[in-house]
Amino acid sequence: MKQTISKILSLFLACSVLVSTTSFASNAHFCCNKLVSFSVTGKAKPCDQKLQSPKSPLRKCSLEQKNCCSNVTYANFGKDDLMVRSFDLDFDTLIVPYTSIFYHTDSFGGLQESIVPFKDYIPPWVERNLPILHRTLLI
């Protein structure tokens with residue numbers, strides 16, 4: 001279970017570093033304030049002016065207006081300033097973890113053996129069950 005969680009967490013961190021350092025741009029084409037085309041790989045396709053028709057005369061967008069459509073480019077610039085930290089491990093910095101690990105492994109070392117002192121003895125033979133016979137039960 002620990003290995004699975006560790007692998008999932010490392011995959012998530014690797015993907016987050018990849019997304020944060022990758023640059024990408026996307027283009028969108030709007031006509032009458034409605035999204036007509038969206039593209040991540042190249043330019044968005046412009047709309048056909050012949051197919052565009054106003055549904056009501058109150059709309060601001062019409063065939064006669066030339067500035068009715070607009071192209072918008074969304075850009076995400078990657079971050080190149082990742083902080084890489086290196087550290088040196090000396091014996092002085094690791095002495096506390098080493099001593100605590102050795103102390104705890106030595107103090108709990110004998111718990112794996114379960115010694116039962118009466119396993120070689122047979123239980124006594126009881127002819128009758130005395131608590132039931134005398135009707136004295138522990139509550």
Side-chain angles (χ1 to χ4, degrees):
M1 186 69 183
K2 270 187 173 180
Q3 291 177 348
T4 306
I5 292 172
S6 175
K7 287 181 182 181
I8 290 171
L9 183 64
S10 64
L11 181 66
F12 174 72
L13 290 175
C15 289
S16 66
V17 167
L18 178 69
V19 168
S20 67
T21 57
T22 304
S23 302
F24 64 91
S26 61
N27 295 319
H29 182 76
F30 290 96
C31 281
C32 297
N33 295 328
K34 290 192 177 185
L35 181 65
V36 176
S37 178
F38 183 78
S39 176
V40 179
T41 57
K43 282 193 163 186
K45 295 179 184 177
C47 63
D48 293 332
Q49 292 289 334
K50 296 175 186 174
L51 298 176
Q52 180 185 11
S53 63
K55 294 185 180 178
S56 67
L58 299 175
R59 293 187 79 167
K60 295 179 183 176
C61 183
S62 66
L63 288 174
E64 290 83 24
Q65 293 179 349
K66 293 184 179 179
N67 295 331
C68 179
C69 298
S70 64
N71 288 326
V72 178
T73 301
Y74 301 104
N76 182 16
F77 298 106
K79 297 170 183 67
D80 293 334
D81 56 345
L82 291 177
M83 293 178 16
V84 179
R85 296 184 181 193
S86 63
F87 54 93
D88 297 328
L89 295 177
D90 297 334
F91 181 73
D92 296 334
T93 59
L94 294 176
I95 197 163
V96 173
Y98 282 156
T99 54
S100 63
I101 289 170
F102 290 137
Y103 172 74
H104 290 297
T105 55
D106 288 341
S107 64
F108 297 117
L111 293 179
Q112 287 84 15
E113 302 172 4
S114 59
I115 299 172
V116 181
F118 50 84
K119 72 176 182 178
D120 294 330
Y121 299 107
I122 57 172
W125 182 73
V126 178
E127 190 173 324
R128 296 185 210 166
N129 197 349
L130 293 178
I132 293 178
L133 182 67
H134 295 292
R135 294 186 185 159
T136 58
L137 300 174
L138 295 176
I139 296 176

Chi angles and distances behind the side-chain contact (heavy atoms from CB on, under 4.5 Å) call for Ser39, Lys45: CA-CA 8 Å; Ser39 176; Lys45 295 179 184 177; over 6 Å; no
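The side-chain contact (heavy atoms from CB on, under 4.5 Å) check on Leu18 picks up Thr22, with sequence neighbours excluded. Listed by chain and number, the residues in a side chain to side chain donor-acceptor pair (under 3.5 Å) with Thr73 are Asn27 (sequence neighbours excluded).
Val36 is not connected to Val72 by any chain of hydrophobic side-chain contacts under 4.5 Å among Ile, Leu, Val, Met, Phe, Trp and Tyr, and they are in different clusters.
Nearest heavy-atom pair, Val17 versus Thr21, reported as atom, atom and distance to 0.1 Å: O-OG1, 2.8 Å.
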Please output the side-chain donor-acceptor pairs of residues 4-12 that fall under 3.5 Å, not counting sequence neighbours, one pair per line with the distance.
{"residue": "Ser10", "atom": "OG", "partner": "Ser6", "partner atom": "O", "Å": "3.2"}
{"residue": "Ser10", "atom": "OG", "partner": "Lys7", "partner atom": "O", "Å": "2.9"}

